[in-house]
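Chain letters run A, B, ... following the sequence lines, proteins first, then strands; residues in each count from 1.
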2 protein chains.
Amino acid sequence: MDAAMTLADASGVRALSMRQIGDHLGVQAMSLYNYVSGKNALLSAMVDHVFGEIPLEVPNADWKTSLRATATGAHDLFLAHPWACELVLTPGSIDFPNARLRYMESILARLRQAGFSPLDASHGYHALDSHTLGYTLWELGHRIPPDTPEDFIEELFKQLDDDAHRYLLEHAKVHFEYPDDGTNDFAFGLDLILDGLDARLPR
Amino acid sequence: MDAAMTLADASGVRALSMRQIGDHLGVQAMSLYNYVSGKNALLSAMVDHVFGEIPLEVPNADWKTSLRATATGAHDLFLAHPWACELVLTPGSIDFPNARLRYMESILARLRQAGFSPLDASHGYHALDSHTLGYTLWELGHRIPPDTPEDFIEELFKQLDDDAHRYLLEHAKVHFEYPDDGTNDFAFGLDLILDGLDARLPR
DNA sequence: ACCTGAACACCGTTCAAGT
DNA sequence: ACCTGAACACCGTTCAAGT
C-alpha cells in the first residue's frame with residue numbers, strides 16, 4: 001500500500017496499475033493478489049488511510065473552531081494526496097471503511113453536541129462534507145499544470161472574448177492579483193457554511 | 001455523440017468504450033475517429049452539451065432567485081446525466097468549452113451586477129460552483145444502488161456499532177424519516193451560501 | 001469520403017505450475 | 001507460502017489497405 005500511495009502521489013491514480021506497482025516492488029503484478037483481493041480493495045484501503053489522518057479532536061475549542069480545524073486539515077491532506085477526493089466521490093461501489101465512519105461520526109457528534117437537532121445536524125454534515133470534498137476536488141481538477149504554466153494560460157486566454165467574457169477576464173485578474181494556494185477560497189466557502197449554521201442554532 | 005450520451009446515461013462513463021459506441025452504431029470503433037479526434041474530445045463535447053442546457057436567464061428575478069434557479073437547474077441536469085459532474089471535476093486535462101464559459105460568465109455577471117466587488121464575486125462564484133458540482137457528485141456517488149436496496153442497507157448496518165456510531169445511526173434514521181431525492185439537502189447548502197453572500201453585500 | 005483488419009501497447013484478473 | 005508464465009477478455013489509437 002505504501003508503494004501504491006507513493007506512485008499515486010507522483011503520477012496520479014489514473015496512471016496507477018497493478019503492473020506498475022509490481023515493477024516498483026520488483027515483482028510481477030500477479031503476486032500482489034497474494035496480499036490484496038483486488039485493485040478496488042487496495043484503493044479503498046489507501047483512501048481510508050488518508051481519512052485516518054484527518055484531525056478530529058481539537059481540545060478546548062467551540063464547535064465552529066473544531067469543525068473548521070477538521071475541514072481545513074482534510075483539505076490539506078486531500079491536496080497532498082490528490083487521488084483521495086476523486087476516489088471517495090466516484091467510487092462505482094460505495095463503501096465506508098473504518099476511518100471514514102469515524103470521521104463522519106465525529107462531525108455528526110460535534111454538531112449534535114453543539115445543540116443542533118438531528119435534522120439540522122444531518123443537513124449540516126452534508127453541507128460540510130460536500131464542501132470539503134467537492135471544493136477540494138474542484139480545486140485539484142483546475143490547478144494549472146506545473147510543467148507548462150505559461151503555455152497553458154496563454155492557450156486559455158486565447159479562448160476568451162473581450163465582450164462575451166468580460167467578467168471572466170475580471171475573475172482571472174482577481175486570481176492573479178490575489179494568488180492563493182486554495183486555502184483562502186476554501187475558507188471563504190467554509191465560513192459561509194459555518195456561519196449559516198450558527199445562525200440556525202437555537203439559543 | 002447522441003449515441004455516446006445514451007450509453008453513458010444507461011451504464012455510466014466508466015463502461016463507455018469506443019468499441020461499445022461503435023457497436024451501438026453498427027460500425028467498427030476505428031470509424032469513429034473520422035468524426036472525433038479522440039475519446040477525450042468526445043467526452044468534453046458531451047459535458048459541454050449538458051452545460052448548454054443549464055438555465056441562465058431568469059426574467060424579472062432578483063440575483064438570489066436567479067442564481068438559485070441556475071444551481072437547481074444544473075443539479076437536475078447533472079442527476080439526469082450522472083457522468084457529467086465526474087467528467088467536469090476529474091478531467092486530467094482541464095478545458096473550458098464554450099457552453100461552460102458562458103455558464104461561468106453568467107454567474108459572475110449576476111454577482112457583479114448584484115453589487116459584489118470583483119473579489120467577493122470570485123469567492124461567491126467558487127462557493128456556488130463547488131457546491132453545485134461537488135454536492136451533486138457526492139450525492140451521485142452515494143446513491144443506494146437500485147438493484148439490491150435491502151441487501152445493501154443491511155450490509156451497511158452490519159458495519160455499524162451501536163456505541164461507536166451512535167450519531168451515524170441517528171443520521172441514517174433521519175434519512176429514512178425524511179426521504180429526499182437530494183433536492184432538499186442540495187437546497188439547504190445552497191441557501192446557506194446564498195444567504196451568507198447576501199449578508200456580505202454592501203448596502 | 002468513409003470504413004476495416006491487423007497491429008501496438010496497454011489494462012485487471014485467474015489459474016495451473018513451479019520453488 | 002509465495003511467485004510466475006501463459007492466458008483471457010478487455011482498453012484507446014494508428015495506419016495502410018480497401019471500396
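Partners of R143(B) according to the salt bridge (charged side-chain N to carboxylate O under 4.0 Å, His left out) rule, which considers only residues two or more places apart in sequence or in another chain, do not exist here. Not a single ring-ring contact (aromatic ring centres under 6.0 Å, His included) links H49(B) to another residue, sequence neighbours left out.
Here dC11(D) presents its C1' atom at 14 Å from CG of D23(B), a figure rounded to the nearest Å. The distance from atom CD1 of I21(A) to atom C1' of dG12(C) is 11 Å, rounded to the nearest whole Å. Here dT14(C) presents its C1' atom at 17 Å from NZ of K39(A), a figure rounded to the nearest Å. Rounded to an integer number of Å, the gap from CE of M18(A) to P of dT14(C) is 11 Å. In this structure, L43(A) places its CG atom 15 Å from C1' of dT13(C), rounding to the nearest Å. Residue R14(B) contributes atom CZ, which lies 13 Å from atom P of dG12(C) at whole-angstrom precision.
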Mind listing the N/O atom pairs, protein and nucleotides 2-7 of chain D, below 3.5 Å?
{"residue": "dC3(D)", "atom": "OP2", "partner": "Y35(A)", "partner atom": "OH", "Å": "2.9"}
{"residue": "dT4(D)", "atom": "OP2", "partner": "Q28(A)", "partner atom": "N", "Å": "2.9"}
{"residue": "dT4(D)", "atom": "OP2", "partner": "S31(A)", "partner atom": "OG", "Å": "3.2"}

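Residue pairs meeting the salt bridge (charged side-chain N to carboxylate O under 4.0 Å, His left out) criterion with at least one member in residues 65-77 of chain A, sequence neighbours excluded: R68(A)-D191(A). Legend: side-chain hydrogen bond (donor to acceptor under 3.5 Å, both in side chains) pairs involving residues 33-48 of chain A, not counting sequence neighbours, sorted by first then second residue: S44(A)-D95(A). For residues 105-127 of chain B, every residue pair satisfying the salt bridge (charged side-chain N to carboxylate O under 4.0 Å, His left out) rule, not counting sequence neighbours, is listed here: E170(A)-R112(B). Within the structure, the salt bridge (charged side-chain N to carboxylate O under 4.0 Å, His left out) test picks out no pair touching residues 19-30 of chain B (sequence neighbours left out).
Comparing dC10(C) with dA9(D), their P atoms are spaced 22 Å from each other, to the whole Å.
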Sequence neighbours excluded and cut-off under 3.5 Å, please list the side-chain donor-acceptor pairs for residues 7-16 of chain A, or say none.
{"residue": "D9(A)", "atom": "OD1", "partner": "H81(A)", "partner atom": "ND1", "Å": "3.0"}
{"residue": "D9(A)", "atom": "OD1", "partner": "W83(A)", "partner atom": "NE1", "Å": "2.6"}
{"residue": "D9(A)", "atom": "OD2", "partner": "H81(A)", "partner atom": "ND1", "Å": "3.2"}
{"residue": "S11(A)", "atom": "OG", "partner": "L7(A)", "partner atom": "O", "Å": "3.2"}
{"residue": "R14(A)", "atom": "NH1", "partner": "E86(A)", "partner atom": "OE2", "Å": "3.1"}
{"residue": "R14(A)", "atom": "NH1", "partner": "T90(B)", "partner atom": "O", "Å": "3.4"}

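Here L25(B) lies out of heavy-atom contact (under 4.0 Å) with every strand.
Classification of the H75(A)-Y135(A) ring pair by plane angle, with boundaries at 30° and 60°, yields tilted.
Ring centers of H126(B) and F188(A): at least 6.0 Å apart, outside the cut-off.
Helical stems in DNA chain D, defined as runs of 3 or more consecutive Watson-Crick or G-U wobble pairs with donor-acceptor distances under 3.5 Å: C:4-8 with D:12-16, C:12-16 with D:4-8.
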